[in-house]
There are 2 protein chains.
Amino acid sequence: MPINAVFEALAHPVRRQVLALLRQRPMSAGELAGHFPLSKPTLSAHFAKLRDAGLVVVERQGTTLVYHLNMSILEEALSGLLAFRERDQ
Amino acid sequence: MPINAVFEALAHPVRRQVLALLRQRPMSAGELAGHFPLSKPTLSAHFAKLRDAGLVVVERQGTTLVYHLNMSILEEALSGLLAFRERDQ
DNA sequence: CTGCTAATTAGTCAATCTACTAAATATCGT
DNA sequence: ACGATATTTAGTAGATTGACTAATTAGCAG
């Protein structure tokens, strides 16, 4: 899970808002999409970036996909930034 | 200083590496540029994004411009992310 | 298996990003 | 004022992003 993907995922306000919503509780793609004035395919692409970064994990429940926040990846990126390890930056 | 500019500035590995270098000590644009296989104008554009985000401040010393890390802005963004304030993110 | 709902994938387009080279600006020393 | 050095600004090209609509896939109910 390259750390670069995490920072790129965090670079868009919609994706940060998705993370904020998921912090309250897991939500389906449709429920999340209802919080934004954007089409579902557009949101789906945002979800994909968050998934690729490992910031969220997805679980299928019948026909709906439920997204969960993965705090550990976020904390990893934050600690990397705080410590400014030379490793990857 | 919109928080969004901070996250966008952090989204590029070269800019994160610049911050890591400045964490050691302030450096001139030229010295920073020497650490990357990129043209000076390209680095100058990266510096501009870091400046716009408030992550670095610049001080002129004769003919050279010396960049300093501005940790407080970085910590502000991090704490916002850790706390996940609904405010902006 | 047909139809219905949930969500993603495909395809497109305008805008932004990142790199480059060439030109301009700023400061210092003579 | 001139020339040298440090850095940015201007202009350009190719790649990526973020939005949309239309089409596809996945699962469930009858």
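Quick note: numbers below take in every heavy atom, side chains included, and nothing from hydrogens, waters or symmetry partners. This one's a predicted model, so the numbers in the text were calculated from it and none came from an experiment. To find a chain, count down the sequence lines: A is the first, B the second, and so on, and within it residues start at 1.
Using a 4.0 Å cut-off, some side-chain N or O of Arg51(A) falls inside it from OP1 or OP2 of dT8(C). For Ser28(A), a side-chain nitrogen or oxygen approaches OP1 or OP2 of dA7(C) to under 4.0 Å. Considering only side-chain N and O atoms, Ser44(B) lies under 4.0 angstrom from the phosphate OP1 or OP2 of dT8(D). In this structure, Lys40(A) does not reach the dC20(D) phosphate: none of its side-chain N or O atoms is under 4.0 Å from OP1 or OP2. Between Arg15(B) and the phosphate of dT18(C), there is a side-chain N or O to OP1/OP2 separation shorter than 4.0 Å. Dashed line: the shortest gap from a side-chain N or O of Thr63(B) to OP1 or OP2 of dT7(D) is not under 4.0 Å. Using a 4.0 Å cut-off, some side-chain N or O of Thr42(A) falls inside it from OP1 or OP2 of dC20(D).
Here Glu31(B) pairs with Arg25(B) in a salt bridge; the nearest charged N to carboxylate O distance falls below 4.0 Å.
Nucleotide dA7(C) holds its P atom 13 Å from the CE atom of Met27(A), rounded to whole Å.
Candidate nucleotides dA6(C), dG27(D), dT18(C) were compared by shortest atom distance to the side chain of Arg60(A), and dG27(D) ranks first. The side chain of His12(B) lies closest to dT18(C), out of dA19(D), dT18(C), dT8(C). Of the listed nucleotides (dT21(C), dT7(D), dT8(C)), dT8(C) has the atom at the smallest distance from the side chain of Leu65(A). The side chain of His46(A) lies closest to dG18(D) when the candidates are dG18(D), dT17(D), dT8(D).
At a threshold of 4.0 angstrom between heavy atoms, the contacts of Thr64(B) are confined to the sugar-phosphate backbone, with no base atom among them.
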